[in-house]
Amino acid sequence: MNSTIDRIRLTGLAGDLSGTSAARQTASADGSFLRMAVQLRAGAGSAAPTVPEASGQSMEAYRRSIWEKISQLPLSATRQMESISIQISDAAFERMKAAPEYEAWVLADLEAAFSQSNPWVPACGGGYSIFSIGATKEECHAEGWYPGYPGGSGETRFEERSSGSFWERRAENHKKYRELQQEAAARRHMLMKLRLNEGSVSAAEQLLGLL
């Protein structure tokens with residue numbers, strides 16, 4: 001269960017990046033400026049049209065503003081050990097910049113995914129997620145896996161797949177967690193040997209770091 005790629009879970013977790021109301025309802029209860037902006041747009045049918053905030057920005061400045069917005073999205077405490085990569089195509093940036101409602105949709109679904117609890121991440125010692133954002137909702141998708149996939153090469157796979165990401169968050173404690181797990185396993189191994197050998201431990205085993 002922990003050693004195979006979990007496409008179905010991540011697809012459901014991110015609402016398949018399809019903008020479903022169920023996905024957005026998993027976001028933080030206090031709401032966000034982005035969600036409020038969407039609601040204001042929806043109720044502003046008779047109001048005078050406004051110029052989109054991004055219309056006067058260069059594409060470089062707009063990309064920076066998106067990076068900042070993503071960085072401010074709340075992250076579930078259960079996902080602190082998860083490395084996350086977000087890849088946004090040039091066409092997606094063009095669409096978001098020209099259509100504020102599409103930008104709001106993308107950010108709302110990312111917020112829903114980030115805030116969704118995933119207890120498997122701490123249970124498996126980490127996790128990896130990659131979100132791919134395209135110019136249409138149909139082109140958006142997400143996938144994820146755990147450190148044990150496949151054959152313990154989960155981190156290597158993430159390194160390869162996340163190359164050139166627009167936004168990335170790496171969990172710094174993956175290595176530390178694995179080291180602690182190895183130390184705990186070594187202690188259990190030594191305690192077992194002590195019981196079997198009635199308390200005797202060879203110097204060679206100590207030198208090999210089994211204690």
Nearest heavy atoms of [X] and [Y], plus distance in Å:
X: Pro147; Y: Gly127; result: CD-N, 4.1 Å
X: Cys140; Y: Gly134; result: SG-N, 3.5 Å
X: Ala171; Y: Gln80; result: CB-O, 3.8 Å
X: Ser89; Y: Ala135; result: OG-N, 4.2 Å
X: Leu107; Y: Leu73; result: O-CD1, 4.1 Å
X: Ser76; Y: Ser115; result: CB-O, 3.7 Å

Verify the distance criterion only: is there a donor paired with an acceptor across the side chains of [X] and [Y] at less than 3.5 Å?
X: Gln57; Y: Arg63; value: no
X: Ser165; Y: Ser85; value: yes
X: Glu94; Y: Tyr62; value: no

*Could you walk me through whether Lys137 and Tyr102 pass side-chain contact (heavy atoms from CB on, under 4.5 Å), step by step?*
CA-CA 9 Å; Lys137 295 179 181 181; Tyr102 186 63; 4.1 Å; yes

*Going through the distances and angles, do Glu82 and Tyr146 end up as a side chain to side chain donor-acceptor pair (under 3.5 Å)?*
CA-CA 9 Å; Glu82 182 177 18; Tyr146 300 108; over 6 Å; no

*Measure the shortest side-chain to side-chain distance between Val121 and Thr78 over non-hydrogen atoms and say whether it is less than 4.5 angstrom.*
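Not touching, per the 4.5 Å side-chain cut-off.
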
*Mind checking whether Phe131 and Ile88 have side chains closer than 4.5 Å, heavy atoms only?*
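No; the side chains remain at least 4.5 Å from each other.
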
*Applying side-chain contact (heavy atoms from CB on, under 4.5 Å), run through Ile84 and Tyr128 and close with a yes or a no.*
CA-CA 6 Å; Ile84 300 172; Tyr128 305 96; over 6 Å; no

Calculate, to the nearest 0.5 Å, the distance between atoms [atom1] and [atom2] belonging to [X] and [Y] respectively.
X: Trp105; Y: Met96; atom1: CH2; atom2: CE; value: 10.5 Å
X: Ser129; Y: Phe114; atom1: OG; atom2: CZ; value: 8.5 Å
X: Ile130; Y: Trp145; atom1: CD1; atom2: CH2; value: 3.5 Å
X: Ser162; Y: Glu155; atom1: OG; atom2: CD; value: 10.0 Å
X: Arg169; Y: Leu75; atom1: CZ; atom2: CG; value: 5.0 Å
X: Ile66; Y: Phe93; atom1: CD1; atom2: CZ; value: 6.5 Å

*Take Glu139 and Ser132 through the test side-chain contact (heavy atoms from CB on, under 4.5 Å) and record every step on the way to the result.*
CA-CA 8 Å; Glu139 294 174 7; Ser132 299; over 6 Å; no

Could [X] and [Y] be called an ion pair, given the rule that one side-chain N must be under 4.0 Å from one carboxylate O?
X: Arg64; Y: Glu60; answer: yes
X: Glu168; Y: Arg170; answer: yes
X: Arg95; Y: Glu103; answer: no

*asked:* Using a 3.5 Å distance criterion without hydrogens, assess whether the side chain of Arg79 forms a donor-acceptor pair with backbone atoms of Pro122.
replied: no

*So, Gln87 side chain and Arg161 main chain: donor-acceptor pair closer than 3.5 Å or not?*
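Answer holds: yes.
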
*Trp67 vs Ile86, side-chain contact (heavy atoms from CB on, under 4.5 Å): CA-CA, chis, key distance, verdict*: CA-CA 10 Å; Trp67 189 94; Ile86 298 176; over 6 Å; no

